[in-house]
Structures are given as C-alpha cells and as structure tokens.
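Throughout, residue positions are numbered sequentially from 1 according to the sequence presented. Please read all numbers here as calculations on a predicted model, not as lab measurements.
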Amino acid sequence: MIQLNWFKTAIRNIRRNLSSAIINVGGLTIGFTGAMLLFCLLHYHLSFDDFHPNKDRIYRIVSETNEGVQSFNQGVPQPVGKAFKNAYPFAEQVAMRADRGYALVTIGEGQEKKQFRISGSYVQPSYFSIFNYPFLQGDASVLRVPGNVAITEKEARRLFPAGDAYGKNIMVDGKLLTIAGILKDIPPNSVNQRDLFVSYENYKTDQPWMASDSSWPAISGGVQCFVLLNKGVKAATVDNEFPRFVKQYNPDKNTTLQLKLQPLKDIHFNLTFDGDIEKKQLWGLAVIGLFLLLTAAINFINLSTAQIFFRQKETGVRKALGSSDSQIRWQFLVEAFVLSVIAVVLSLLVVLLVFPYFNDFCQTSISLTALYQYPFVLFVSAMVLVISLLVGYFPGSILARLKPVQVMRGHFQQPASGGFSMRRMLVVGQFAIVLFMISCTTIISRQLQSAIRGDLGFKQSGIVLLDIPGKDKANAVAALRNKLKGLSGVKSVSACYAAPMSSNSNSTSVTFDNQPPESAFSVNVKAADTGYLSTFGLQLLAGRNLYAGDSVNGILVNETFVKKVKIASPEQALGKTVALNNKPAQIIGVVKDFHAGTFHSEILPTCLYSKLSSYYTCAVSIDPYQLTQVLPVVEKVWKEVYPDEMYSYNFLDENIKYMYSTDITLLKFNQVFSFLAILVGCIGVFGLVSFMAIRKKKEIGIRKVLGAGVDNILWIFAREFIYLLSVALVIAIPPAYYFMNRWLDDFVYKIQIGPYNFFGPVLLTFVLVILTVGVKSVRAALSNPIHNLKSE
C-alpha cells in the first residue's frame, strides 16, 4: 500500500537533486507535450463522422473507368441515384448532391449591398435523412420546393448579424432564393463541409443536361450519390449487383464504367478519391510522437540509473534499518510518478498556449474541449503510469537486490548484457531514434523540393489566377483579356479552364484516327485560349498554336498522347483526327509534356482546345519585380468588367504547394519533432556527462596532475559517446532507408536514395553530440585538480 512518507521522501530527494530533476522534467515536458498534441490530432481524424447514428450503414457510390488508363472518381453519372432507388430494395434512403463550389451570396442593395462566398451544394431532402445534420428552423422538406435554400447557423449570423435570417431572400450567383431552413453548424470532423444547401430542383434548371436522366456519359467529381443501406444488407451484396445494374440502365453498352460502395468511414482517408489524409500517414505521425516520448523516457531512465551510484549508500542504510525490497522499489516508483505529474502539468500549460497555433499548423479545427474528454484524460493517465513504471522500476529493482554490506563497502556494478550496460543500450536507442528522424526529414524535404521547385514543364512563378464568373462570357472574357494585356508589368494573359497543374481536372474518352470505339482511351482535357502557351511557358515541339475562337477547330496534344497512339515523332501526329466528345478535331500541334497532377501520379495523355464556355480562370503573368504595383491595377480592371461580382485571386505556385499540403504537413511534423528529439537527446547527454564528471573527479584530477591536457580530458568523455553514436548509426540507417523507399513508392516521379542522403544527418548528429559533451567536459577539464582530489 502506498504510504504518504514515500511522497515526502520523494519531494525531499527531488529538492536535494534539483539539477537532475530539472533535466528530467524538462525532457519529459517536451515529450509529453508532443504526445498530447499528436493524440489530439489522431483522435480528431479518427473520429470523423462518428456522430451519425447510422454511420455503419452510410455509403457513397463511387465510379471507376478503364479506357486505356484506370481512373477513379468520387462522382457518378447523375441518373445513378434515381435508377438505383427504383431498381433495388437495398437502400432505406438515397440522396444526390451536386456541388456548386463557393457561391456568391449577395444581400441588400446599393450602399448597403454586401457579398459573401459560401460553400454550397444542390441536395435532395433525403440527404438529411442519411446524415445527422439537424435543422434549427424549418426541416428537410423545404428543399422539395424550387428556390428554397437552407444555411448553417454560423452563415445565418454572418449574413444577418442583427436579425433572424429565416424567411429572408438572398441572391445566390445572381438568382433570388429564399432561406427556408436553418441548420445546426456542421461539425468540423465531418467530410461534408457545406454551409449552403440549395433545392435539387434548382439544379435541374441551372444545369439541365447534367441533371437529366440522359447524362450517363458525364461523370463529375462534384455529383455524388449517398445511400443509407437497410439493416442487414451487406455492401458486398450491392457491389455484386452493380455490373448488372450498369449494363441494364446505362445506354452506352461499350462503357467501362464500374460502380462500388465506399463506406462513410473510408471517405476521409481514401486519397484515391477525395480523401484528406491516409491512415498510414496518421500512423506515421503516431510513430513520430512515440519516438519523441521514448527519447524523453530514455533520458529519464538513463539519468535515474546514473544516480544509482550516488544513492547506493542511502539504499544500504534503508535496508539496514529494515526496508524491504518492495519498499525500495516503491520509493523510486513514487519519485518517478511525482516528476511525471509535474511534467504533465507543465505540458498541459504548454498545450493550452500553443493549441491555436497547432490548429493553424495542421489546418484543423480541434476544439479545446478535446482536452477534457475521457479519451484524452485516459491517454494522459496511461502515459504517466507507463513512464513512471518504466523509469522507477529499473533503478529501484537494481538497488533492491543489493545486500546492505555490499553496498556500504561500495562494491557496486551496474548490470550489463554481454559487456554492454543497459544504460549504453538506451543511449544507443536514443541516438538511433534521432538519426532515423533526421534522415527521414532530409529525404522527405528533398523529395518535396524536387516536386514543388523542380521542372514541372511549365512556368509557375509570377502567375496570378483570377476567377471568371459564369455569366456573359462572350463579351466579358474578351474585355478582361484586352484590358489586362494593356497593363504595364503584365507579360501575358490567358483565359482557360485551369492552370496546367490544378486540383480541377476534366477527362474524357477519345478515339484516334477513326479507329473503332473499343480502342477509345481516356485523356485529360483542358480548355485554353491562344495565350495559354506563352502565359505558362509551355513548349511547342511541332505544329502551331491554337486558333482564336469558340469551337474545337483544332487541338494540341502532349508527348504522352503521341506515345500512347504509337506515333514515332510529334511531326507525324500533325493532321491526324481525334474524336473528342464524339466530335472530330484535328491535331494542329504537339507540346512538351507537363505535369497536370502532383508527382504522385503519372503524366496522362492531354488535349488542349478552345472552348469559351469552359473558361473559368484568367491567368495573368506578371513581372515579379512589379507585382505589388500591378496587383491593385488588376483588381481595378477586373471590377470594371465584373462590377457585381466579388474579386479574389491566388498565386499558381501557392496552389501547387497546397496540392502537396498533406506531404508538407508530414514534413513539418518531422522537422519539428526531429528538433525536439535532438533537444531532448542533447539534454540527456548533458545530464549524463554531468554525472560522469562527478564520478570521474578523482580520475580527472590524477590525469591533470600527471600532465594530461584539455584535449585528453575531453576525449575521456567524448570517446564513449562517439562509440555509442557509431553503433546507433548502424542500427538507424537501414530502417530509414527501407521506410523512405516505401514512402517514395507513392510518387511516380521520385528522387533516388543513396549514401549521400545520410551524410548530412549523421554529421549533424555527431556535431551536436560533440558540442553537448564538450560544454560540460571542458569545464571539468579546466577545474582545479587539487579541489577534485581533496573533495574525494
């Protein structure tokens, strides 16, 4: 049974060995803080959509096509929802959702007019029977009526801060709609982050062909179908029926379309579709946090075992006075527990201080209430108990086994394994963790720098992307281009669907040179004007540029397209016919390959063509040295052309970085936690050298009397750590090489790992360890040998 006296003695021992306690608490605080933050992050991601009562029965129908290239899409043909509901009794509810991006919402008129951008979708009322998004005012049935919308509570307050939004009229992308429902805010840990829900009946009038039952050939990632399966219905049963379903309802009998169910819990983690982060990346972050915690624990254990030398007589006296082995163990366990609790309290204070910055860093919306919920409290309690047991049991057990007479005579030796003490094994483990993390960080950084700053096949710096509204494109686009071209500092302008590399992409099937339909293959298509090549610096290898106009009168293809159709050279592809969207077009030019997606994916066959209705972006190439002067003028020109629209812009290079946001977040975590692991490791080495200096006082004094210099004394301390670091090097590099090769497998275009990738991390670790050892050992070497020998 735990005695109060043990706590009193623990406090007294901590005060007596204050420097050791500060080092231990400092290391543990860093480790605990990192572990707590990472636990909050992991729990946040793993709890996505847990609040839906029927979450295990909610699925999304996703599609797959294979027309030369296997393509996956979270969207489905619009008619799928209605056909599936009518064909099978599998689902309790079926709902279609068509995303409309960030809608421009306007309230008021004249001087009181205000505009907002709100993420919106067209949805069917059954959507709210599938998902647990409760209404505060109105109900889902209001969305059966065309012209009705429902908005979340936070957006209602933003639009109408002084009054009730319910029943008010608003302009959404230029159309008058009525707020007929107010929803409770969507929780941040949900995949369906929308704030404006428009009646699906409006989709039928706004996009008549896409919303029709004839739009089987069209697959858009924004048109999604959700189902709530009946109880007892297995997903595999439905998946087995999909081939027959597609064959029966899809009028295109040559289609390669395949459908399958995707569980709700998989949506957030499946990057093949539109997921945000893979589970293996989360487990990677968990391992990083575990490594940091282990490093701190190893420090604690090493410093505790180092103190055994100084506490053996205390233990001998205790045993001589009748203390049992279990009481000796409990004393050390209680001391470890007290230090762990102090570290936890400090860690919680640090977590509270850095939590807002942590959310920004991770691009999350984790609430502070997560720190008071039972999973976090349970995790922290378990962490304290495990660390206390690990740290307190080992030194306590060593001293408890010693006989009082043996201890009082000073006959004490720490246990070893094959001549390699437990303390040395732990130091090697600590160094190995640091080397592993620094090596991984270096390789991840090199790969991402190669992906973001490498040759993407197009220009990315100094390009500003403006949104083009959907109305009156014929006159407005031409006016915008002409006015922007005349500005000083503007190099070139292009109206297009999207930049060469973009998260927005379109694909369609094509047949080449009048070949039969079964030879069709999928290509990436981009609508572009005559300024596209010059604005983005695309290289024309053969032929000429696109014609100006609003028809597919000629197309440009990339090198991969030429290789796909097995033509020997770009010149030989000129003049060939391609059936694009069932319309023949002639190849008039071939451009050098460029990356349309990230380095995770391969370069696909690509077609560029003119199509005014598909221009949603205006790209402006600006002289970087005149950027600050030109941007306000660009805004003024844009507002002259679109006076009723909200102005916004972004930079192409920033968009490209955003496409690697998950990888960049992983890199940042590695960098931060590698630094913390190094810091904790250096704290531990400093503490160990401090104890070594005290234990070797007599040896150092004798050596100095006999003529040893500072370099000789320094070597006494450094040689052991260099030896241990060398052993850690052999242990750490092979797994780092293996795991980084596995990580790089996710990239089609990747760097090669060689010995040079590990030279920097190894050198950095050696330098830091030597510097840390040197700070304390030089001080010991410069001390007066007379004082060292006298105090012995």
Side-chain angles (χ1 to χ4, degrees), residues 59-91 93-99 122-124 126-127 130 200-201 203-204 206-230 233-263 267 270 272-274 505-512 515-525 578-584 604-605 607:
Y59 292 82
R60 179 174 66 176
I61 302 177
V62 294
S63 58
E64 177 184 340
T65 56
N66 193 343
E67 295 173 337
V69 177
Q70 194 172 27
S71 299
F72 301 90
N73 200 311
Q74 65 271 16
V76 294
Q78 198 281 147
V80 163
K82 180 179 178 181
F84 181 77
K85 184 177 181 180
N86 293 335
Y88 300 106
F90 294 140
Q93 297 287 346
V94 178
M96 296 297 299
R97 186 187 76 198
D99 293 337
Y122 303 95
V123 295
Q124 295 177 331
S126 52
Y127 184 80
I130 296 175
Y200 204 75
E201 299 301 315
Y203 183 51
K204 297 176 182 178
D206 294 346
Q207 300 286 341
W209 185 79
M210 279 295 294
S212 72
D213 293 339
S214 303
S215 59
W216 278 96
I219 299 177
S220 170
V223 179
Q224 300 179 21
C225 181
F226 297 90
V227 299
L228 174 65
L229 295 184
N230 284 312
V233 175
K234 303 295 184 183
T237 304
V238 181
D239 285 340
N240 291 335
E241 285 293 329
F242 273 138
R244 187 168 67 85
F245 170 78
V246 171
K247 188 175 181 180
Q248 179 178 350
Y249 287 92
N250 193 338
D252 182 5
K253 301 307 176 186
N254 294 317
T255 183
T256 62
L257 174 66
Q258 298 180 41
L259 303 175
K260 69 174 183 178
L261 292 180
Q262 180 189 21
I267 294 176
N270 196 327
T272 302
F273 298 103
D274 57 345
S505 62
N506 274 334
S507 62
T508 188
S509 61
V510 302
T511 53
F512 175 72
Q515 292 179 356
E518 53 268 21
S519 65
F521 60 95
S522 180
V523 296
N524 186 18
V525 292
V578 172
L580 188 67
N581 293 328
N582 297 320
K583 295 180 180 179
L604 300 175
C607 294

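- Side-chain N or O atoms of Thr65 include none that pairs as donor or acceptor with a backbone N or O of Thr256 at under 3.5 Å.
- Contact of the Ile61 side chain with the Leu261 side chain is registered, since non-hydrogen atoms from C-beta on lie closer than 4.5 Å.
- If you take NZ on Lys234 and CG on Leu229, they are separated by 10.5 Å, rounding to the nearest 0.5 Å.
- With contacts defined as side-chain heavy-atom distances shorter than 4.5 Å, the pair Tyr59/Asp239 does not qualify.
- For the pair Val523 and Cys607, the tightest heavy-atom approach, listed with the atom from each and the gap, is CG2-SG, 4.2 Å.
- Inter-residue side-chain proximity for Gln262 and Ile267 is flagged as met; some heavy-atom pair is nearer than 4.5 Å.
- For the atom pair CD (Gln124) and NZ (Lys82), the distance works out to 10.0 Å, reported to the nearest 0.5 Å.
- Taken to the nearest 0.5 Å, the OH atom of Tyr122 stands 6.5 Å off from the CD atom of Gln207.
- Nearest heavy-atom pair, Ala83 versus Trp216, reported as atom, atom and distance to 0.1 Å: CB-CZ2, 4.4 Å.
- To the nearest 0.5 Å, atom CG of residue Leu259 and atom CD of residue Glu64 are 10.0 Å apart.
- Taking 4.5 Å as the limit, some side-chain heavy atom of Phe512 sits within range of a side-chain heavy atom of Val578.
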Show, in sequence, the C-alpha distance, side-chain angles and deciding distance for Val223 and Met96, and conclude whether the side-chain contact (heavy atoms from CB on, under 4.5 Å) test is met. CA-CA 7 Å; Val223 179; Met96 296 297 299; 3.7 Å; yes

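- Sorted by first and then second residue, the salt bridge (charged side-chain N to carboxylate O under 4.0 Å, His left out) pairs with a member in residues 216-227 form an empty list; sequence neighbours excluded.
- Ring-plane geometry between Phe273 and Phe72 is classed as perpendicular, the angle between the planes exceeding 60 degrees on a 0 to 90 degree scale with a lower cut at 30.
- Shortest non-hydrogen contact noted between Ala91 and Val227 is CB-CB, 4.3 Å.
- Scanning both residues, Val94 and Cys225, for their nearest heavy atoms gives CG1-SG, 3.8 Å.
- Using cut-offs of 30° and 60° for the angle between ring planes, the Phe84 and Phe245 rings count as perpendicular.
- Once rounded to the nearest 0.5 Å, the distance linking CG of Leu257 with CZ of Phe242 reads 10.0 Å.
- When only modelled atom types and interatomic distance are considered, Arg60 and Gln74 share no side-chain donor-acceptor pair under 3.5 Å.
- Residues Ser212 and Pro79 approach most closely at O-CG, 3.7 Å, considering heavy atoms.
- Summarising the geometry, atom OH belonging to Tyr249 is positioned 8.5 Å from atom CZ belonging to Arg244; distances are rounded to the nearest 0.5 Å.
- Every residue two or more places apart in sequence or in another chain was checked for a salt bridge (Lys or Arg N to Asp or Glu O under 4.0 Å) with Lys260, and none qualifies.
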Mind running side-chain contact (heavy atoms from CB on, under 4.5 Å) on Tyr88 and Val233 for me, showing each step along the way? CA-CA 11 Å; Tyr88 300 106; Val233 175; over 6 Å; no

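- Scanning all heavy atoms of the two residues, the minimum distance from Gln93 to Ser126 falls at OE1-CB, 3.5 Å.
- Looking only at distances, a side-chain donor or acceptor of Asn230 sits under 3.5 Å from a matching main-chain atom of Phe90.
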